[in-house]
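Data block below; observations after.
We name chains A, B, ... by the order of the sequence lines, and we start the count at 1 in each one.
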There are 2 protein chains.
Amino acid sequence: MTNKANLNNLTKSEEDYLKALFQLLIEDNSEKVGNNQLAEYLKVSPASTNNMIKKLKTKNYVVSEKYGKLELTDEGRAIAVRLIRKHRLWETFLYNYLNFSWDEVHEVAEQLEHIKSYKLIDELDRFMDFPEKDPHGELIPNAKGEYKVIPKITLSSLVEGDVCKLVAVNDGSVNFLRFVSEIGLALSSEIKVLEVREFDKSIRIQFNDTVETVTRKFADNVFVKVV
Amino acid sequence: MTNKANLNNLTKSEEDYLKALFQLLIEDNSEKVGNNQLAEYLKVSPASTNNMIKKLKTKNYVVSEKYGKLELTDEGRAIAVRLIRKHRLWETFLYNYLNFSWDEVHEVAEQLEHIKSYKLIDELDRFMDFPEKDPHGELIPNAKGEYKVIPKITLSSLVEGDVCKLVAVNDGSVNFLRFVSEIGLALSSEIKVLEVREFDKSIRIQFNDTVETVTRKFADNVFVKVV
DNA sequence: TAAAAAAGTTAGTCATGACTAACAAAGCAA
DNA sequence: TTGCTTTGTTAGTCATGACTAACTTTTTTA
Ligand SMILES: [Mn+2]
Ligand SMILES: [Mn+2]
Ligand SMILES: [Mn+2]
Ligand SMILES: [Mn+2]
């Protein structure tokens with residue numbers, strides 16, 4: 001059993017590296033995650049990640065062979081899931097109780113997720129009556145550390161004529177999130193794909209009587225479920 | 001005018017030093033605060049404080065002559081007051097909404113006070129409907145940075161026969177706070193001083209039909225108003 | 001399959017914020 | 001006023017987590 005002492009003892013940096021690794025491995029479902037990929041994701045140099053990975057290996061949170069791919073141990077994974085739980089609970093709190101908008105919650109949650117207190121997060125969960133999803137549509141891991149992914153594909157993977165429902169958005173970019181709201185899209189919006197343009201992969205979509213053309217990059221960050 | 005850019009840019013350490021200096025200078029009303037006193041308060045070495053003070057002086061938050069006493073600039077003071085505002089608002093939130101007890105709030109608030117977001121703290125304030133006092137009885141500075149102290153003296157300064165009301169407690173020690181609750185004291189308790197023992201300065205007090213003998217050290221941390 | 005490109009590693013440096021040990025200045029007391 | 005004690009400062013070290021530059025290994029491609 002992973003024991004209570006683990007969560008503490010970790011620096012903010014160590015936590016951020018483990019979370020990033022989890023996001024690349026599990027959320028992006030990558031076949032292989034390498035040192036440089038992690039570096040790019042975290043916007044640090046490959047030397048920095050190499051160094052931190054070394055440390056996380058001695059602490060038994062990460063496993064890898066020299067020049068080989070990176071993997072999380074069960075313990076490393078558990079820490080990452082707890083961070084994601086904290087992050088998403090805080091985002092939900094900011095959004096539902098403190099008048100934060102879609103695009104404002106992520107940055108502050110990035111800080112709040114590192115506050116060390118079991119009671120704080122479990123009480124926050126209770127206070128909000130155990131919410132299932134965060135403001136971007138993602139599932140919040142429960143107190144037992146169970147992590148589930150909502151079934152979804154990217155809008156960019158659809159073809160002409162497909163009809164889908166927006167179930168989640170990538171919350172990494174403030175500008176992207178603002179733009180999503182601006183054009184009138186929100187969680188649960190029903191979207192119809194009118195046309196996929198071959199030469200630049202831009203997509204013409206329709207939702208609530210609005211027709212918009214969005215880029216491939218935009219569509220990559222919108223997660224949907226075909227209806 | 002102190003401008004918005006200030007609050008950010010500061011490390012957790014820098015913030016903690018400024019807050020500590022404020023607490024020694026203003027809250028403890030010390031005539032003179034020296035380097036070693038600050039070191040002892042923060043439980044670091046005099047070399048560490050000397051080093052940090054040097055940095056805070058170049059950043060114009062602290063003023064002092066070599067071998068002279070430490071003082072805060074208006075800007076340094078403003079940063080400290082904002083930290084105290086954040087600390088007390090978070091303590092109030094934890095206590096009133098998340099089932100934290102008197103003695104649990106301080107430690108977590110020590111972390112939460114360093115979260116950087118103007119919106120977060122002002123919205124938290126609004127969410128709680130602009131509370132006046134924190135769970136230990138201290139006044140919460142408002143968004144304009146106005147800092148006020150509640151009129152109070154220590155229980156230990158009273159003499160036989162005095163009757164007072166408990167208005168605040170020192171929140172630094174978990175054991176102390178737990179003991180205060182255990183014997184049945186709370187904010188607003190009316191206390192009568194039955195006897196002050198000369199040889200060890202212990203005090204016999206009465207409150208809600210209870211009679212207790214408390215030590216000088218205990219009485220130093222209980223703040224009262226004579227009625 | 002050999003050269004080139006990409007990925008990963010190592011060495012050395014820097015800033016931050018701790019520390020100890022040694023030293024200097026102030027403040028007090030005899 | 002002279003020493004003794006307290007207070008403050010400086011120098012040098014360490015851990016953490018960044019960085020660049022140089023090097024090595026692996027993978028790709030011609
Ligand atoms: Mn987020
Ligand atoms: Mn983070
Ligand atoms: Mn407190
Ligand atoms: Mn603090």
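Between N9(A) atom CG and dT16(D) atom P there is a gap of 13 Å when expressed in whole angstrom units. Remark: P of dT7(D) and CG of L38(B) are 14 Å apart, rounded to the nearest angstrom. When rounded to the nearest whole Å, the span between CD1 of I53(B) and C1' of dT7(D) equals 14 Å. dG8(C) atom C1' lies 15 Å from atom CD of E40(A), rounded to whole Å. Counting to the nearest Å, the C1' atom of dG17(C) and the CD atom of E15(B) are 15 Å from each other. Distance, D16(B) CG to dT16(C) C1': 14 Å, rounded to whole Å. Put simply, CG on L24(B) is 16 Å from C1' on dT7(D), counting in whole angstrom units.
The phosphate of dT16(C) has neither OP1 nor OP2 within less than 4.0 Å of any side-chain N or O from T11(B). For dT16(C), the OP1/OP2 oxygens have no side-chain nitrogen or oxygen of S13(B) closer than 4.0 Å.
Proximity of a side-chain donor or acceptor of N142(B) to a complementary backbone N or O of G145(B) within less than 3.5 Å is detected. Under a 3.5 Å cut-off, the side chain of K57(A) and the backbone N or O of S64(A) do form a donor-acceptor pair. Of the possible polar contacts, one joining the Q111(A) side chain to the K116(B) backbone as a donor-acceptor pair under 3.5 Å is found. N170(A) places a side-chain N or O within donor-acceptor distance of the main-chain N or O of G172(A), the cut-off being under 3.5 Å.
Under the side chain to side chain donor-acceptor pair (under 3.5 Å) criterion, R88(B) pairs with E27(B), sequence neighbours left out.
Residue contacts shown for S48(A) include a base, since a base heavy atom lies under 4.0 Å away. Residue S45(A) is in base contact, counting any heavy-atom pair closer than 4.0 Å across all strands shown.
No side-chain heavy atom of L155(A) sits under 4.5 Å from any side-chain heavy atom of D220(A).
Side-chain proximity of V44(A) to dT20(C), dG17(D), dA18(D): nearest is dA18(D).
Checked against the 6.0 Å centroid criterion, the rings of F93(B) and F93(A) qualify as a close aromatic pair.
Comparing the start and finish of the helix from dT1(C)-dA30(D) to dA30(C)-dT1(D), five pairs each, the helix axis swings through 10°, to the nearest 10 degrees.
Salt bridge annotation for K119(B)-E107(A): absent, with no cationic side-chain nitrogen under 4.0 angstrom from a carboxylate oxygen.
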Tabulate protein N/O versus nucleotide N/O from nucleotides 8-15 of chain D, keeping only pairs under 3.5 Å, one per line.
residue: dG8(D); atom: OP1; partner: N35(B); partner atom: N; Å: 3.2
residue: dG8(D); atom: OP2; partner: N35(B); partner atom: N; Å: 3.2
residue: dG8(D); atom: OP2; partner: N36(B); partner atom: N; Å: 2.6
residue: dG8(D); atom: OP2; partner: N36(B); partner atom: OD1; Å: 3.4
residue: dT9(D); atom: OP1; partner: Y67(B); partner atom: N; Å: 3.1
residue: dT9(D); atom: OP2; partner: N50(B); partner atom: ND2; Å: 2.3
residue: dT9(D); atom: O5'; partner: N50(B); partner atom: ND2; Å: 3.0
residue: dT10(D); atom: OP1; partner: K66(B); partner atom: NZ; Å: 3.0
residue: dT10(D); atom: OP2; partner: K54(B); partner atom: NZ; Å: 3.0

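The one candidate from R82(A), K19(A), K86(A) that meets the side chain to side chain donor-acceptor pair (under 3.5 Å) condition with E113(A) is K19(A).
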